[in-house]
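Contents: one structure, followed by commentary.
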There are 2 protein chains.
Amino acid sequence: MKTKKKYSRVTLQEVAEHAGVSRATASLAVRNSQNISKATRNKVLKSMTELGYVYDRIAANLRSQRSSTIGLIITDIANPFFSELLIGVHHALEKHGYTVVLGTTFDLDAKQDKLLSTMLEHRVGGVILCPVSDSLKETIERIKQWDIPIVHAVRELPDVSCDYVGIDYKIGAQMAVGHLIRKGHRRIAFLGGSSESSAWQERKKGYCTALQQVGLQIDEALVIENAVTREGGKKALQQVLNDPNPPTAAFCFNDLVAFGVMQGLRDRGLVPSEDMAVVGLDDVQEASISNPPLTTVSSFARLIGTYAADLLHQRIVDPLRERQRMILQPELVVRDSS
Amino acid sequence: MKTKKKYSRVTLQEVAEHAGVSRATASLAVRNSQNISKATRNKVLKSMTELGYVYDRIAANLRSQRSSTIGLIITDIANPFFSELLIGVHHALEKHGYTVVLGTTFDLDAKQDKLLSTMLEHRVGGVILCPVSDSLKETIERIKQWDIPIVHAVRELPDVSCDYVGIDYKIGAQMAVGHLIRKGHRRIAFLGGSSESSAWQERKKGYCTALQQVGLQIDEALVIENAVTREGGKKALQQVLNDPNPPTAAFCFNDLVAFGVMQGLRDRGLVPSEDMAVVGLDDVQEASISNPPLTTVSSFARLIGTYAADLLHQRIVDPLRERQRMILQPELVVRDSS
DNA sequence: CTGAAAGCGCTTACAG
DNA sequence: CTGAAAGCGCTTACAG
């Protein structure tokens, strides 16, 4: 579990002795305080390097009741959407001197709950949470009680009033499905994702709105839930192809699902775009190099990460500030799969 | 930089008072020590939940001179190879109760140096380092002085004697190039990567060996270094296509570079596989869905992560144990790009 | 500008 | 089995 440290550190005490000053003075010097004479500071700095001193941020944080870490909880590191988001978070947080503790839930409530505890125990200064799609009531209650800064990203939890940054998935879905309609499709499937998540519900709304706008009926048999993975996409496709009147186009929960759908088509000897138009959502980097290049809707993953980090920092600085919600507008990216 | 905590925690002291025992006893109860009566333990546990106590692992670690975090330093989170590796590390480390602090160097020595310091300051129990391809002498010296457990992954640093887990890239490259030769190619380029890194040097050796085995000469004009990104692949391709006698096949530093090369071909109106055979290295998930599906050599990213984590844990448990080197054997995966 | 004392929230010997 | 005291490595008032 934990491990005995067999390696001894040079302490500030030793630095102070070496420099011939008190511990308090050495502490001020290390932290570059203004209340210290240049001569003293230099003396201390010299001792530091000579002794190979390493600042113990953990001890400092404990004493000063601060934190220099923040927790980032995502659902799936293998999804390039989240890698991008992670990069955005990293860039923004590093400006403020934070170190990030990463946790992956694999979209499991139990794992999320455990990670939340771990982060608390590790005294993170705040948390950026991309909630699992199927959060239990108890977890949501817990998060509501939560008294450290938290911002939600990508998905919103019901009845939880927190800072939030995400995409307008409804508009995104509408764009995607509208595009397919303009291409002449009338039977359009909606594949992948879990109806428990707000992210799915919003897409569903956009999907329905787009169809209804042109007077098309919703056929629930074309709406197939499944895991948000390539595999999930394949399975959803297989199911929808068994429909007596199969769709000619598919709007996928996200790009990952769309990749699975395209692979599934090929496994059946069908050709994406020719035999079935496929549209994704996210515009991950792979979308432009897939076969065929994927038509999709950009959800600006990196930007979401950056904004979430900024919101968190602001919340940490001022816990009482008004709650913020940032909803980015998606963009349609037309390629060859549709 | 750091932030004042405005949220007060329930302390063990308060739990002890509430339960009517001493702090020491409460501490033992929390940690599930055997030297405590069941009745006392239950009393304490009850007080804990009633008060909403959260264990302060940081304070505990400070006092007991242990650590429950480990640092993972990678070069590029957007490379699916590293996402996979990260997953492997996570899975393995979580078994041992560690939390991971993540750092990304973007293959920059300065960033790596800074991250190493940050990790030390945060009292990580050990570090898994995927070194940048171009580590400065000073950095290498520093790592050699380093007195906390460290295992290197993916790339080895010259003259540094550490635990290491990686792939036999020479064999991997030999497999890839051998495959192209069997397909009848004679002018085979080697695209992407930096000659400063051991990972590149090994591939180069394999590339040369494969060519020499069939009596082909090495044409250095076909060996083009560039960034290990899609973009780098594109650029390397452009350069090699300007050769008066351009290659008919390309062995790419990794899959990411290969994707860039294929995109670059298409940008020029050429068709991967037909106009130029392309082979990658890593077998990231995207390789099977690219256009065309990419022939590549698997480098078992997730397994490398798992093994690195295991080695680190063993090193932490026994700092004096013999140094370990694990070299995995790659596997050729033939698809349509060659 | 510098130092002596107290304390962050825990755990570790050591008594009893 | 339980408690009083000391201490992990820092920082924070408070004197001077």
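Proteins come first, then strands; the chains are lettered A, B, ... in the order of their sequence lines, and each starts at number 1. In this text, all values refer to a predicted model and were calculated from it rather than measured experimentally.
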Which pairs count as side-chain hydrogen bond (donor to acceptor under 3.5 Å, both in side chains) when at least one residue sits in residues 74-85 of chain A, sequence neighbours excluded? Glu84(A)-Arg302(A)
In whole Å, I'd like the distance from the CZ atom of Arg9(B) to the C1' atom of dC8(C). 11 Å
Answer yes or no: does a side-chain N or O of Arg57(A) lie under 4.0 Å from OP1 or OP2 of dT11(D)? no
Rounded to the Å, how far apart are His122(A) NE2 and dG9(C) P? 17 Å
What is the distance from CG of Leu12(B) to P of dT12(C), rounded to the nearest Å? 13 Å
Within the pair Ser27(B) and dT11(C), is there a side-chain N or O less than 4.0 Å away from OP1 or OP2? yes
For dG9(C), take OP1 and OP2 only and decide whether either is under 4.0 Å from a side-chain N or O of Gln65(A). yes
Report the distance from atom CD of Gln13(B) to atom C1' of dC8(C), rounded to the nearest whole Å. 13 Å
Quick check: does any side chain N or O of Thr118(B) sit under 3.5 Å from a backbone N or O of Lys114(B), one acting as donor and the other as acceptor? yes
Euclidean distance, atom CD of residue Glu121(A) to atom C1' of dG9(C) [Å, nearest integer]: 13 Å
Distance-only side-chain donor-acceptor flag, Thr139(B) / Asp109(B), under 3.5 Å: yes
Less than 3.5 Å apart, which donor and acceptor atoms pair up between the side chains of residues 149-162 of chain A and the rest of the protein, not counting sequence neighbours?
residue: Arg155(A); atom: NH1; partner: Asp107(A); partner atom: OD1; Å: 3.3
residue: Arg155(A); atom: NH1; partner: Pro131(A); partner atom: O; Å: 2.9
residue: Glu156(A); atom: OE1; partner: Arg325(A); partner atom: NH2; Å: 2.9
residue: Glu156(A); atom: OE2; partner: Arg325(A); partner atom: NE; Å: 2.9
residue: Glu156(A); atom: OE2; partner: Arg325(A); partner atom: NH2; Å: 3.2

If I take atom CZ in residue Arg66(A) and atom C1' in nucleotide dC8(C), what distance separates them, rounded to the nearest angstrom? 12 Å
Produce a footprint string for nucleotides 1-7 of chain C: one letter per nucleotide, 5' end first; B if the base is under 4.0 Å from any protein heavy atom, S if only the sugar-phosphate is, - if neither. SBBB-BB
Between His122(A) and Tyr55(B) (judged by ring centroids, cut-off 6.0 Å), do the two rings come close enough to count as a pair? no
Partner residues of Ser22(A) under the side chain to side chain contact (heavy atoms under 4.5 Å, CB included) criterion, sequence neighbours left out: Ala24(A), Thr25(A)
Polar side chain donor-acceptor pair, Arg41(A) to Ser37(A), under 3.5 angstrom: no
In whole angstrom, give the distance that lies between atom CG of Asn61(B) and atom C1' of dC8(C). 15 Å
Distance in angstrom units between Leu62(B) CG and dG9(C) C1', rounded: 9 Å
Tell me whether Glu141(A) is salt-bridged to Lys137(A), with the criterion being a basic N under 4.0 Å from an acidic carboxylate O. no
Which residues in residues 43-52 of chain A have at least one heavy atom lying under 4.0 Å from any atom of DNA chain D? none
With a non-hydrogen cut-off below 4.0 angstrom, is Val15(A) in contact with a base, only sugar-phosphate, or nothing? nothing
Hunt down any stem DNA chain D takes part in, defined as 3 or more consecutive Watson-Crick or G-U pairs whose two distances are each under 3.5 Å. C:1-3 with D:14-16, C:5-12 with D:5-12, C:14-16 with D:1-3
